[in-house]
Amino acid sequence: MFNHKSSDIITIPADVPISKQRTFKDHYLTLTKGAGKLFLFACDQKIEHLHSSFFGPSISLDDNNPQHIFAIAQQSPVSALATQLGLIARYGLQYPAINYIAKLNSKTNLIPATQKDPQSSLLWTVEQIVHFAKQSALNIAGVGYTVYLGSEYEALMLHEAAQVVYQAHQHGLIAILWMYPRGKAVTNERDGMLIAGAAGVAAALGADFAKINVPDDTTGYTSAQWLSIAAQAAGNTKLICSGGTKKEPYAFLQELYNQIHDGHTAGCAVGRNLHQRSLPQAVAFTTAINAILYHNASVEEAIQLVEK
Amino acid sequence: MFNHKSSDIITIPADVPISKQRTFKDHYLTLTKGAGKLFLFACDQKIEHLHSSFFGPSISLDDNNPQHIFAIAQQSPVSALATQLGLIARYGLQYPAINYIAKLNSKTNLIPATQKDPQSSLLWTVEQIVHFAKQSALNIAGVGYTVYLGSEYEALMLHEAAQVVYQAHQHGLIAILWMYPRGKAVTNERDGMLIAGAAGVAAALGADFAKINVPDDTTGYTSAQWLSIAAQAAGNTKLICSGGTKKEPYAFLQELYNQIHDGHTAGCAVGRNLHQRSLPQAVAFTTAINAILYHNASVEEAIQLVEK
Amino acid sequence: MFNHKSSDIITIPADVPISKQRTFKDHYLTLTKGAGKLFLFACDQKIEHLHSSFFGPSISLDDNNPQHIFAIAQQSPVSALATQLGLIARYGLQYPAINYIAKLNSKTNLIPATQKDPQSSLLWTVEQIVHFAKQSALNIAGVGYTVYLGSEYEALMLHEAAQVVYQAHQHGLIAILWMYPRGKAVTNERDGMLIAGAAGVAAALGADFAKINVPDDTTGYTSAQWLSIAAQAAGNTKLICSGGTKKEPYAFLQELYNQIHDGHTAGCAVGRNLHQRSLPQAVAFTTAINAILYHNASVEEAIQLVEK
Amino acid sequence: MFNHKSSDIITIPADVPISKQRTFKDHYLTLTKGAGKLFLFACDQKIEHLHSSFFGPSISLDDNNPQHIFAIAQQSPVSALATQLGLIARYGLQYPAINYIAKLNSKTNLIPATQKDPQSSLLWTVEQIVHFAKQSALNIAGVGYTVYLGSEYEALMLHEAAQVVYQAHQHGLIAILWMYPRGKAVTNERDGMLIAGAAGVAAALGADFAKINVPDDTTGYTSAQWLSIAAQAAGNTKLICSGGTKKEPYAFLQELYNQIHDGHTAGCAVGRNLHQRSLPQAVAFTTAINAILYHNASVEEAIQLVEK
Amino acid sequence: MFNHKSSDIITIPADVPISKQRTFKDHYLTLTKGAGKLFLFACDQKIEHLHSSFFGPSISLDDNNPQHIFAIAQQSPVSALATQLGLIARYGLQYPAINYIAKLNSKTNLIPATQKDPQSSLLWTVEQIVHFAKQSALNIAGVGYTVYLGSEYEALMLHEAAQVVYQAHQHGLIAILWMYPRGKAVTNERDGMLIAGAAGVAAALGADFAKINVPDDTTGYTSAQWLSIAAQAAGNTKLICSGGTKKEPYAFLQELYNQIHDGHTAGCAVGRNLHQRSLPQAVAFTTAINAILYHNASVEEAIQLVEK
């Protein structure tokens, strides 16, 4: 039904100055392992979800300590660990081998949308990230920012997102936007057309990657078809789906397989499905994901790496 | 009833410094093809309309991919492609021959006016556009900005619009304002007096062109008469009408012909009526529009270029 | 009842640096023709009133074209034309002989006070005006700014007004404040005490001139007595009354005569009463006003200049 | 019951740089006449009260002209005249002998607290005051700023107040805060505990003087006892009470005497009780106040200076 | 149940530049006495609580004078006195031996959460603190900032907090965040999961220490167990509990003992429990706290130091 872009081409956007194209390309190849796919370990939940993503029934006690996510990132084949600059600053020197994505905005989940639409402001500027990377010698490959489309604070976030992408490119960094329709005006956050639209907004803002929610099956197309539509709507901005809440390994890997093969997404973002597991289980799980993303493994082949 | 300004005179506004007058004049002549008329391919809908303008019944599947609008712009006689800087950055280097208008603000259509009046904030500064043009060597001929008159956020947008025009002129760029009365206080967005007023605001802000909606026929004058009134109210700021939703070619061309010949507008803005068509159909349609704008063609002569 | 200040003294405020006192004095003498009175052609209605002040029954068709106000200003003895910088930029080079007051803020009249209190933000900074004057070589003698006292946005406007006056004086420019009590908290905008208070605020902000509405007769004193009270309350800040809606020439001139002779105002602001007339009628009317302001004419003497 | 600080010690705060300590000390000694007490002629009512404090029954007609307050300040032993910078700029050069306090924020009294909590924004920066003082050679000894504690805009005003004090001290200027609990959340503005709290806030913000309202007698202590508690709560920040509405001379002087001798305040702020009197009466009244503040006069001794 | 971090390791975060690591380490060792524990004398109540924390039944009259807190800090083994910069500026030169933490934001307690969610804005920048420390030669070891998680103004405070931590580290200063969930959306401020979440936010923002409220016992774990969970959730950001309202010495010391030994917090913050006592009692009390924190004393051993 649709032609799909090949995911192995690097698009160097025109707002990356010539003097930074080498840097940008290096970051891009590092993050995508030269295969056009991104395996993002997305860990901004310390602020976004407070403690509920780190402690509770069915969550490994390992996860109560923030060092856990660094240990996973260090020992596993994830492309990069995305988390707030503050946390990177507190543990980065102990984990200098990790590639980092500095998540630049965050909010807690305390205020329900019925009370106030979501507002998430820039915590650090791209300039500060660049300065920090130079000072600390840590591998900061890019930056992340969340946009809540449809929120009454959308104007503020669209502005900051556009600036984050532009500034990141000016410094040769990769820009990833978390694109989430949310707020009183949004009745179904997982509507396929809406998610394709959100993917398109990311492209219009100039992002290299957009992290989106998995569309649901309710409106004429399957979830994977909607993903495929969204992937094309995003043009040469690549899509990755959020992993969401913790799932059984087989179900997770099957969904991922479908996203990649039918939905034509260019990798995935995983957070809770990794860090809520113990360190050895999390590392094993990353090898399974890695096999699907980069080694063309089937779900059956991948699940064996988990159960090993 | 009214004397109409001749559209072939270049007004170089007094806020263009002498050192930039040559640049301004070059941009102006390029955009108007030396004929005082602008054929704007207006494509900011990736944010403004999300995916509904790009995918659905009666929309070519070509339109699902944002590259489509660049392909059209490259192969057709439009004056310039107006879209967000982010999208220009992602595709511009593949399409260096296109003239670009960087659209500087945008909002989604998710929030109904009954919930909150429209607010659209600057995403990139004129300084960044100028910097980008120099870095990328792309042809950025001007900038665009939308003002929602009558919105509770009008003060913010009038401020930003005035600054955008002033800064653009300081750098020899053409400034185009999208002038849309909208919000709880606006009962009829297409009221002729209101649209003439909006055109006058664009002049007071110093814009070179104002993109307006077509006035309706309801209040004493025909739509074309209201356009003519508005064109004069705008003084030496030139008017172009929005193309609006996709129409049958003949109807579209007839309306355009009337706008130009009776309404004394100085060109047109077309978006969905081009990109919702397949690439060959879109290109053919641009030749028809071009014939009316620049070669004094009749509607009958023009329609043959579409049906060829 | 009150001692009235003589209007022929120049007050050079202490925030005009020595190096700019000559410039300030020149501008002041130009604007007041050495007679201490200002004849302001106030034309910010393109934004303030949208098109209703320029087109309609009893309005000359000349007024539909913004060039009309420049033509009037050029051919008549007004002290200066006050309008938005954008419009000055679009026509100024064709009318280099006019003295301009750059009106720095404006809002439309679309939102009723019952919906939202008036908010009018700075469109251009004084720095930009100074830069523009140098670049264009146009005669920018001063700046104007509107304050809506009693609006819920009063704090914002008082701040901007104070800054506008201070910055203008730093550059030797004349500062004129439009002082209008308005908003849900204001029950009678023309209450004499309120207008005297508004005049006093202009003085506390350091303005050279305050443009006020004519007080009504309802509270113990006549309109002219209230003006006289207000004129003294403003101290060495001079007052001019707004001309308001179009009136019959005789009535207008009689009111003006009373304002000057009984109300001790130092000139007048006229807008619609000039530009809604045809060019020859408008010019004739300015000579009548001029005669009253500067040649001590009686109303009867002045009216003959109109009817000539 | 409490130990009281001696009011004749100069506290040079640690945010006054060494290079400005001499300047600070000079200003402090000038304002306190070397006696640790401040006689502030507080005249920000042109904005705060509009015209009602300057015109009406029982107000001298002299007060209708803003020059009146300068004339009083010049001829009387007040420490300094506090008013808006704009007014200082308009009259200062005629009255170069006066010591000035530049009042940096103000609001009108048009909006009732039931409609919107009080918001008063900075009109001029301390940097501008310093620049102005140098340019004009006027004696600007310090700055003033009003904080409405308990207002929904408290955060904005606490921020500005802290900045004003810090910046003032950086330049060797005296910082005076008007500390007024006000807003929907404040049920009794004259509650003793609340006023003592407001005095403490001024100290925490680093102010040299706090201008407070006189506490009422309703809660366990007399007004003078509350003042004494507040004076100690303010530490080495000195307190002065607002003079409030016009009173009979004897009653005013008696209250002042009690504030100083029982309430341990360090001077007073007087506005309406001076400028609503004719020039000779106002000047006579200042000599009476001066006698109480600086010459240890009894009320009976002081009243004779008024009646002389 | 959980592994606990050893509290004697210094974490130098990666946003401290190499040139400032020595400074940071010195400040850290000073504040923790080389033992990894912080004894913070937290005195921002002059603004936060107005006068109710300083005057009233069961409060020593000493506390009415702000000098009292400086006297306590000077004569006792507290690590540092945390208070607003303004107050430090007014008394610091008399008490140069004290280590100071400059508290950068504050609000009063006048507005109930039912009226408006808590908003506390930055009063001074970190740059100003650094400048002040250099000018005054006072020992400013760090900065403090309060975040109200769940407030409708959370975005503003998260932004400022992230900036405060980053800037503090850039200058080698210790950053302490007061982490308080509060606002209409927060039903139980002392919920254990919420407090653990708040501790995690402090880590994500990069803070060195987080000051939290003591969790209650209501949800499955004891207060001390929740503290232990929170301590681990904070990673290498150290936790200290607020002392809260004045308590009996034995009860206070028992709670503190449990917090340290069972809750694995790294010190404590005490304010009212010190300054509401007379100077000798307060000093005696600090020696008891000091014994528990740094000399491994039992509650029984410690209480003898109080009663001595």
Side-chain angles (χ1 to χ4, degrees), chain C residues 1-3 5 11-20 117 147 149-163 165-167 169-170 175 181-186 192-208 228-237, chain D residues 43-56 61-70 83-94 96 103-112 114-116 118-125 128 131-138 153 156-157:
Chain C
M1 180 177 180
F2 303 102
N3 302 318
K5 62 193 170 188
T11 300
I12 300 185
D15 51 354
V16 177
I18 289 171
S19 63
K20 295 289 179 188
D117 266 7
V147 179
L149 294 176
S151 162
E152 294 183 358
Y153 303 92
E154 176 193 281
L156 187 143
M157 290 177 280
L158 285 176
H159 166 77
E160 288 190 350
Q163 287 296 308
V165 173
Y166 179 85
Q167 301 285 356
H169 288 174
Q170 287 292 310
R182 190 163 301 166
K184 283 184 278 286
V186 177
M193 274 295 275
L194 187 52
I195 285 176
V201 173
L205 294 171
D208 303 297
S228 183
I229 292 166
Q232 201 179 45
N236 58 24
T237 296
Chain D
C43 294
D44 58 357
Q45 300 95 352
K46 295 287 283 183
I47 299 183
E48 300 290 347
H49 300 169
L50 294 173
H51 209 43
S52 64
S53 285
F54 298 93
F55 183 77
L61 284 179
D62 287 357
D63 203 16
N64 195 49
N65 190 320
Q67 197 161 356
H68 182 52
I69 62 172
F70 291 83
T83 192
Q84 289 89 7
L85 180 72
L87 207 57
I88 298 173
R90 296 210 69 79
Y91 285 100
L93 297 178
Q94 293 175 252
K103 181 77 192 305
L104 299 186
N105 70 333
S106 280
K107 56 176 276 303
T108 73
N109 56 1
L110 290 170
I111 302 181
T114 50
Q115 179 183 338
K116 186 193 166 197
Q119 178 187 6
S120 187
S121 295
L122 205 66
L123 302 176
W124 301 278
T125 66
Q128 288 174 328
H131 186 67
F132 172 82
K134 190 174 292 177
Q135 278 187 340
S136 66
L138 293 174
Y153 303 92
L156 187 143
M157 290 177 280

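Everything numeric in this text was worked out from a predicted model, so none of it was measured.
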* Asked: Closest heavy-atom contact between D:K107 and C:L158?
  -> CA-CD1, 4.2 Å

* Structure fact -> Of all heavy-atom pairs linking D:L50 and C:A198, the shortest is CD2-N, 4.4 Å

* **side chain to side chain contact (heavy atoms under 4.5 Å, CB included) assessment of D:I88 paired with C:D15** => CA-CA 9 Å; D:I88 298 173; C:D15 51 354; over 6 Å; no

* Asked: Atom CD in C:Q232, atom CG in D:D63: separation rounded to 0.5 Å?
  -> 10.0 Å

* Asked: What is the distance from atom CD1 of D:I111 to atom OG of C:S151, rounded to the nearest 0.5 Å?
  -> 6.5 Å

* What's the spacing between C:D117 CG and D:K116 NZ if we round to 0.5 Å? -> 8.5 Å

* Asked: Which bit of C:V165 is near chain D, if near means a heavy-atom gap under 4.5 Å: side chain, backbone, both or neither?
  -> neither

* With a 4.5 angstrom heavy-atom cut-off, could you sort out which part of C:D208 is near chain D: side chain, backbone, both or neither? => both

* To do: Can you tell which part of D:S106 gets under 4.5 Å to a heavy atom of chain C, answering side chain, backbone, both or neither?
  => backbone

* Asked: Looking at D:G86, D:A137, D:G56, D:S52, which one has more heavy-atom pairs under 4.5 Å with chain C than the rest?
  -> D:G86

* Asked: Which atoms form the tightest heavy-atom contact between C:A234 and D:P66, and what is the distance?
  -> C-CG, 4.1 Å

* Which of the residues D:H68, D:Q115, D:Q128 is involved in the greatest number of heavy-atom pairs with chain C at under 4.5 angstrom? -> D:Q128

* Structure fact -> Of all heavy-atom pairs linking D:N64 and C:I229, the shortest is ND2-O, 3.2 Å

* Asked: Looking at D:D44, D:L122, D:T83, which one has more heavy-atom pairs under 4.5 Å with chain C than the rest?
  -> D:L122

* Structure fact -> Rounded to the nearest 0.5 Å, the CG atom of C:L156 sits from the CD atom of D:Q119 at a distance of 8.0 Å

* In Å and rounded to the nearest 0.5 Å, what is the OG1 to CD distance from D:T108 to C:E154? -> 3.5 Å

* Asked: Taking all atoms of both residues into account, what is the closest heavy-atom pair of C:Y166 and D:F132, and its distance?
  -> OH-N, 4.1 Å

* Who wins among C:A230, C:G200, C:A155 for the most heavy-atom pairs under 4.5 Å with chain D? -> C:A155

* Portion of C:Q170 that has a non-hydrogen atom of chain D nearer than 4.5 angstrom -> side chain

* Heavy-atom proximity to chain D below 4.5 Å, by part of C:L194 -> side chain

* Check each atom of D:Q94 against the heavy atoms of chain C and say whether the ones under 4.5 Å are side chain, backbone, both or neither. => side chain

* Looking only at heavy atoms, which two atoms of D:K46 and C:A204 are closest? And how far apart? -> CB-CB, 4.1 Å

* To do: Using only heavy-atom distances, determine whether the side chains of D:R90 and C:T11 contain a donor-acceptor pair under 3.5 Å.
  => no

* To do: Can you tell which part of C:A207 gets under 4.5 Å to a heavy atom of chain D, answering side chain, backbone, both or neither?
  => backbone

* Are the side chains of C:L205 and D:I47 in touch, meaning some heavy atoms are under 4.5 Å apart? -> yes

* Select, from D:H131, D:Q67, D:K103, the one with the greatest count of heavy-atom pairs under 4.5 Å involving chain C. => D:H131

* Structure fact -> When rounded to the nearest 0.5 Å, the distance separating CD of C:E152 from CG of D:L110 is 12.0 Å

* **Proximity breakdown for D:F54 and chain C, heavy-atom pairs closer than 4.5 Å** => neither

